Amino acid sequence: MAIDLKKNESITADTFLSGLWRENPVFVMLLGMCPVLAVSNSVINALAMGLATTFVLLASSGLVSLLRSFIPKQVRIASYIVIIATFVTIVDYVIQAISLDLYNQLGAFIQLIVANCMILGRAEAFASKQRLGKTLVNSLGQGAGFTFALLCLGSVRELLGNGTLLGIDLFGANFEPWVVMILPPGGFFVLGGWLLLFNWMRERKARKLRETEDAEVAHA
Amino acid sequence: MTPQQQIQRVPALPSSSRLIGTLGVIAMLSGFLVVLVYEYTRPFILENRREAIERAVFQVVPGATDHRDFVVNNEEIFPADSGRNGTLLYAAYNTAGELEGIAAGAAAQGYADTIQLLFGYEPDCECITGFSVLQMAETPGLGDRILTDEGFLSNFNDPGLDARLEPNRKELANPIVTVKHGTKEQPWEIDAVSGATVTSKAVGKALNNAAQELLPKLSPHLDELRRGEESQRHEIAGDANG
């Protein structure tokens, strides 16, 4: 029990970094695939969606963490959904106030942040059990990981499908855009490519670790 | 372990009133936050919408620098802020205060969702001189080429898409239709974007419906709109008297 308590209180670099890399919501846990595939057709959309989701994640996990001893177990999911929906509605209004063009681009996917299982998952698995500070750091890491993944997809898809990056033309007039990349199938292709790369890197790291261990054992 | 001990191990259920109370408090908190943000962002959102409409009006009526908004019904025309029901239209004027054209909304089902347009109407040539998309969810790279495809946009240039009324001023002389790419022969036909036929057809349908609806109502009031400022003052004075 004492060890548990100690573990609960300490905020390490890993609290933040795990979301960015080891437990990346998109590349490792494969959560929130719907917005990932749907709005990653340009860098600006990916960035806006990533930031909006991060805000909702941060605010809702924070509130869930603050209210964690107040919410009885039996009504926790209903409470979490109401809290998440509140912040999604807030983001919806704020984006409309910032830019209508961006709002129209993102379409229904702003409202659909409420159904992003990454956010409910964080509330249930982390925020409902941890202190506010640690929850915020962890959520920020997860949000950054989500935004990073969206940017990975968005930049490749915009570059190949439209020849631009952040709207800046890179290849000149002779470039024939690879239109399928900004269409839904392109989302799957690019996601598959990134998953392949990340899994290969993880696999290689694990193999190297195993080999050094084996060598040490043999040496001994 | 006796059955009694087993029962004791299960944590007691919180009372219903506690559960209802918790959800009530959370819902109230949620409502409070949403209303707060709604009230704070509303002026910005309304301003953004107004700007978007204004940009679109000036885009579809080239040369316009000012616009006044009206609603028109079967008999009369009123300033848009009079609160009457009718079809909304934007009369666009140039710097000299002359009527450059009329902009009005149109909508039809596209490939993905409803496409909402604003189109420009030139009363002198009785033709549609351009359109702007207010909202659409068409496939990027395919459907959204209606905005960039030069062939498609040339449907609305020199002199523009024919939208003449019958001599009885009750309907269009020739309904606006979208035809397959490369087969346009008449000035009231829209040459589709190849590969984006559904979206092109939606534009044609939206323009036809809106023109059939608006132009016969608008036609008797064009002179009032041409008089511009003067007529609007007159309208308002008339409203106040009536």
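For the numbers below, each heavy atom of this structure counts, side chains included, while hydrogens, waters and symmetry mates do not. Predicted model only: the values in this text are computed from it and were never measured. Letters A, B, ... are given to chains in the order of the sequence lines, protein chains preceding strands, and every chain is numbered from 1.
Heavy atoms of A:Leu63 lying under 4.5 Å from chain B belong exclusively to its side chain. Contacts of A:Ser99 with chain B are made by backbone atoms alone, with heavy-atom separations under 4.5 Å and no side-chain atom involved. The parts of A:Ser79 that come within reach of chain B are both its backbone and its side chain, each placing non-hydrogen atoms under 4.5 angstrom from that chain. Neither the backbone nor the side chain of A:Asn162 comes within contact range of chain B; no heavy atom of the residue lies under 4.5 Å from a heavy atom of that chain. In this structure, chain B has a heavy atom under 4.5 Å from the side chain of A:Phe87, while its backbone stays farther away. Proximity to chain A is absent for every atom of B:Arg42, based on heavy atoms less than 4.5 angstrom apart.
Considering CG of B:Asn48 and CG of A:Asp101, their distance stands at 9.0 Å, rounded to 0.5 Å. Note that CG of A:Asn104 and CG of B:Leu134 are 9.0 Å apart. Values are rounded to the nearest 0.5 Å. Between the CG atom in A:Leu100 and the CZ atom in B:Arg55 there is a gap of 8.5 Å [rounded to 0.5 Å]. Here the NZ atom belonging to A:Lys73 is positioned 8.0 Å from the CG atom belonging to B:Leu13, to the nearest 0.5 angstrom. Here the CD1 atom belonging to A:Ile81 is positioned 12.0 Å from the OG atom belonging to B:Ser30, to the nearest 0.5 angstrom.
A:Gln96 is not listed as a side-chain neighbour of B:Thr41, based on a closest heavy-atom distance of 4.5 Å or more. Using a 4.5 Å cut-off on side-chain heavy atoms (C-beta onward), A:Tyr93 and B:Val34 make contact. A:Phe70 is listed as a side-chain neighbour of B:Val25, based on a closest heavy-atom distance under 4.5 Å. Inter-residue side-chain proximity for B:Ile26 and A:Ile71 is flagged as met; some heavy-atom pair is nearer than 4.5 Å.
In B:Glu39, the CD atom is crowded: over 12 heavy atoms of neighbouring residues, nucleotides or ligands sit closer than 6.0 Å. Enclosure of atom CZ in A:Phe171 by more than 12 non-hydrogen atoms of other residues, nucleotides or ligands within 6.0 angstrom is indicated.
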